Number of protein chains: 2
Amino acid sequence: MQIKVDRDLKVPVYLQIRNQIASMILDGTLRAGQPLPPERTLAQSLGINRSTVVNAYSELKADGLVDSRVGKGTVVLSHLTGEQDKEKYSDPPAWSQFLSHTAERSNESLLRDILELANRRDIISFAAGISGMETDPVEALRGIEEEIVSPACRFALNHTPAEGMPCLRESISELMCARGVEAGPEEILVLSGSQQGIDIAARAFLDPGDVVFVEEPTFFSALQIFRAAGARIIGIPVDARGMRVDLLEQALTRYRPKFIFTVPTFQNPSGTTMDLERRKRLLELAYRRNTFILEDDPYSDLRFEGSRVPLLKELDKNGYVIYLSSFSKLLFPGVRIGWINAPKPMVVQFTKVKQMTDLHADSLSQWIIHRYLRSGGLDAHLSRIIAEYRIKRDIMIDELITDPVREMEWNKPQGGFYLWCRLPDDIPYATLMVKAAERGVAYVSGTAFFQGGKGGNYMRLNFTYPSREEIREGIRRLKAAIRETLQAGERNRTQRERKFGEFEVLR
Amino acid sequence: MQIKVDRDLKVPVYLQIRNQIASMILDGTLRAGQPLPPERTLAQSLGINRSTVVNAYSELKADGLVDSRVGKGTVVLSHLTGEQDKEKYSDPPAWSQFLSHTAERSNESLLRDILELANRRDIISFAAGISGMETDPVEALRGIEEEIVSPACRFALNHTPAEGMPCLRESISELMCARGVEAGPEEILVLSGSQQGIDIAARAFLDPGDVVFVEEPTFFSALQIFRAAGARIIGIPVDARGMRVDLLEQALTRYRPKFIFTVPTFQNPSGTTMDLERRKRLLELAYRRNTFILEDDPYSDLRFEGSRVPLLKELDKNGYVIYLSSFSKLLFPGVRIGWINAPKPMVVQFTKVKQMTDLHADSLSQWIIHRYLRSGGLDAHLSRIIAEYRIKRDIMIDELITDPVREMEWNKPQGGFYLWCRLPDDIPYATLMVKAAERGVAYVSGTAFFQGGKGGNYMRLNFTYPSREEIREGIRRLKAAIRETLQAGERNRTQRERKFGEFEVLR
């Protein structure tokens with residue numbers, strides 16, 4: 001009997017022994033009636049304590065695999081017909097043959113790569129869409145422990161209705177009111193992050209071949225999700241005033257989309273805000289063409305300057321807007337709570353899909369968000385992070401302006417998380433990403449936000465996550481990487497110009 | 001200008017005023033240049049403080065909707081072309097026309113109803129699949145607050161990789177080893193509850209029309225999820241030794257399933273455990289027919305008596321088993337953490353689907369589970385709840401045996417959460433559910449666990465969630481409801497017998 005013990009493994013030695021012997025019994029290497037070595041003998045041969053072997057054997061006894069017989073020691077019990085072992089060895093399944101169309105269409109790893117990059121300590125990351133953690137209101141968690149261990153708050157650890165904890169739905173309903181929308185708690189569905197809302201909408205509305213309109217560029221997860229659903233995705237270009245509704249109108253003469261997905265305020269990735277006139281026009285088009293609007297709004301509370309523009313949901317008087325938002329851009333990003341605000345029949349429908357997916361959002365996180373909203377701390381927190389993010393945005397722009405890369409342009413968003421930068425059309429974007437990574441700086445290439453390989457001459461820079469000093473250093477590294485790439489390009493330039501579609505210079 | 005103030009609303013009065021005026025400006029009722037009433041006048045007419053109106057007006061100013069002009073007071077700013085208002089009123093969308101096939105196939109509300117029933121205080125619920133909360137190890141949360149507010153543990157509030165927090169994946173890998181499976185951390189994907197694993201598997205593997213085998217009866221959420229995916233679901237009957245592998249073999253001559261879904265240990269709902277011989281035969285069939293097995297294992301740690309039977313994952317030497325489990329049946333049910341253990345290529349594939357759905361499982365909950373596993377408290381906790389659940393099971397059976405309903409049969413599961421009961425074939429199950437609810441007791445009708453309306457003469461009784469006293473009282477109520485239903489049935493009995501398929505009496 002061959003047994004190996006590895007003390008470097010985290011698995012306790014007695015379990016290593018148990019598992020190896022169990023495996024030999026179950027695959028027929030050890031036959032019924034066969035005795036195991038005496039505990040002392042095995043312990044000596046392995047150089048371990050006898051008690052360790054005793055523990056392993058008693059686990060095997062509890063498993064019903066062996067038994068102690070007087071005079072015979074520990075023997076293997078009968079389990080198997082034995083003759084079936086001939087099919088024991090088989091090739092592993094060819095997994096790729098089993099995959100669904102959905103799985104095949106979702107083979108993109110961009111987002112995972114971004115999250116991984118953001119966690120690497122040696123890289124300054126402008127890639128993440130994450131709030132600055134140093135401003136997280138951890139003080140808001142004070143007292144939470146006393147509460148959750150007390151019987152009165154035990155519901156914070158129990159199941160909650162699929163729609164969300166009733167008290168949190170009320171708090172969110174009040175928050176919606178502060179954003180100008182009268183939404184009752186029954187029109188709120190609590191989500192495990194607002195991205196889940198895009199996924200739920202895709203599952204509830206999209207069949208393969210359905211058309212969906214998005215902004216171009218748009219949030220890459222939305223592209224991924226709609227693509228996985230098998231939808232035909234039509235991009236409507238964005239300029240400094242938001243989605244080009246004139247082009248939307250044209251597109252509506254050719255297509256009948258299930259819905260229009262938009263991030264109208266401090267758009268991801270372009271940072272632009274759709275102005276009021278376009279918002280009204282967008283709604284009119286939706287009413288007239290009987291399509292609806294999925295408004296994703298994670299950033300509108302983060303306005304640094306300029307006048308607030310009403311939400312589409314606020315302007316919509318006919319119930320054509322389904323509204324998504326999230327706390328994870330404002331508070332702790334790992335506390336995954338977002339919400340949908342929709343007409344009640346759709347909340348009922350979404351709840352069914354949500355329930356299939358994960359039953360309900362994490363209860364403790366719902367409780368944390370609820371008590372924070374009730375504490376009234378959110379407004380002061382928002383003022384703090386708005387002040388900080390504005391400074392960070394300005395530092396980023398300052399650093400871009402100082403000894404600028406002549407060929408680089410960027411916008412100045414009035415809020416949100418991102419600066420959107422444009423480089424010469426023919427810049428080799430893969431080379432640039434590698435050179436940037438070599439210098440220890442990461443960003444998201446524009447290609448992630450367009451379809452069909454377009455957008456390589458854009459980059460999205462997040463200014464909320466890195467510290468002020470990291471922003472300065474990171475932009476210096478980035479400019480050096482861009483210069484190096486452009487100079488290398490000069491040398492090998494082919495004269496062929498590449499076109500990247502209708503997206504316009506923002507400023 | 002008509003403004004209404006309702007002090008009973010939770011919305012602050014100044015926001016009520018702001019929202020109503022904003023709405024009138026945005027829909028054109030108030031035109032550009034028009035003055036708002038002086039603050040003092042409006043305050044008097046509404047019977048509120050002047051400062052409340054001041055607050056409302058300054059919100060409107062911040063929104064860019066009004067401005068103060070010397071000598072004119074507060075006036076509406078120009079925003080709109082105005083003429084577009086003609087399309088302001090439109091019917092709301094006919095939402096049902098927008099739904100996807102997936103949404104249409106997921107129109108079941110059973111699970112939500114169960115969760116709601118379980119939360120009603122006047123009902124004794126045998127319906128929920130929830131652990132007994134009085135045994136939750138809340139003491140394990142001691143110290144968590146200090147940790148999460150300390151900079152060293154701030155990652156517990158930040159994003160985690162989509163695969164899960166690395167330290168938790170390691171802890172789960174060790175837990176798998178204690179369950180007899182050598183699974184490296186890279187073979188673990190952390191889930192937001194194990195139901196998400198069924199959903200992810202369905203999305204990764206099932207196209208409409210694909211065949212999937214399940215036990216009959218089986219976990220109702222699995223039925224819902226596979227149905228929503230558009231799969232053809234074939235049920236393989238269960239008896240006291242688990243899935244009838246002889247019938248499985250027959251079915252495999254007719255169908256080529258993508259996979260076989262099974263809850264082999266303390267099955268939901270029947271409480272039965274597949275014996276070792278059938279497990280080995282099931283694996284052989286999977287190898288030979290090149291189909292794989294989705295093993296859902298939330299209950300196997302909860303064995304009250306008898307010998308442990310090895311997991312399918314433990315017996316499988318060729319990588320044909322994808323294994324699902326969860327902490328939410330063992331610890332706090334609202335802390336939604338489960339996991340998949342699968343071959344590494346499939347973990348990569350599942351991660352992509354998982355990431356689209358909700359980015360990653362809640363970070364704080366991952367941290368709570370990880371530190372609990374590291375504390376070593378799980379074994380002692382399991383001993384405690386096993387002892388308690390065993391007593392509860394015995395109380396339930398005792399109470400059923402005392403003055404029994406002659407026509408009722410039940411099994412005695414060796415572990416898990418559920419007793420599975422059989423009543424006469426022709427019992428009107430809808431009537432019975434109503435009569436039980438009237439008497440203040442709830443259970444899940446067998447129809448939830450079968451397809452095609454079968455199973456009405458079965459009921460699933462959970463014994464872990466209610467208290468001991470509630471079990472006694474609840475079973476008394478249930479027996480009374482059954483007796484009443486049977487007697488009413490005697491009176492109106494039609495002689496036609498109804499057949500409920502191949503499911504066999506358990507004992």
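None of these values were measured; they are calculated from a predicted model. First the proteins, then the strands, lettered A, B, ... as listed; each starts at 1.
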Using the ring of each side chain (for Trp, its six-membered ring), is A:Phe292 parallel, tilted or perpendicular to B:Trp95, with breaks at 30° and 60°?
perpendicular
Task: Donor-acceptor under 3.5 Å (A:Asn290 side chain, B:Pro93 main chain) - done: no
Original post:
Is a side-chain donor or acceptor of A:Glu145 paired with a backbone partner of B:Gly143 at a separation under 3.5 angstrom?
Top reply: yes
The interface call for A:Pro12 against chain B, heavy-atom contacts under 4.5 Å, is neither
CG of B:Asp199 to CD of A:Gln355, rounded to nearest 0.5 Å, is 11.5 Å
Correct closest heavy-atom pair for A:Gly180 and B:Arg18 would be CA-NH1, 3.5 Å
When the 4.5 angstrom heavy-atom criterion is applied to A:Glu182 and chain B, the contacting part is side chain
I'd like to know if B:Lys352 and A:Glu104 make a salt bridge, using a cut-off of under 4.0 Å between side-chain N and carboxylate O. no
Answer key: most heavy-atom pairs under 4.5 Å with chain B among A:Val138, A:Asp362, A:Leu15, A:Asp358 is A:Asp362
Bottom line for A:Ile368: the part with an atom under 4.5 Å from chain B's heavy atoms is side chain
Between B:Glu59 and A:Arg308 (salt bridge meaning N to carboxylate O under 4.0 Å), is one present in this structure?
no
| query | Would you say A:Thr357 and B:Thr357 make side-chain contact, with heavy atoms under 4.5 Å? | reply | yes
Okay, A:Leu315 and chain B: the region with an atom under 4.5 Å from a heavy atom over there is side chain
Bottom line for A:Pro310: the part with an atom under 4.5 Å from chain B's heavy atoms is side chain
Heavy-atom nearest pair, A:Gln224 first then B:Met356, reads O-SD, 3.7 Å
Is B:Phe98 close to A:Asp210 at the side-chain level, that is, under 4.5 Å between some pair of heavy atoms?
no
| Side chain of A:Glu314, backbone of B:Leu26: donor and acceptor closer than 3.5 Å? | no
Applying side chain to side chain contact (heavy atoms under 4.5 Å, CB included) to B:Ser131 and not counting sequence neighbours gives B:Asp136, B:Pro333, B:Tyr389, B:Phe417
Okay, A:Ala22 and chain B: the region with an atom under 4.5 Å from a heavy atom over there is side chain
*Side chains of A:Ser100 and B:Asp207: do they bring a donor and an acceptor to under 3.5 Å?*
no
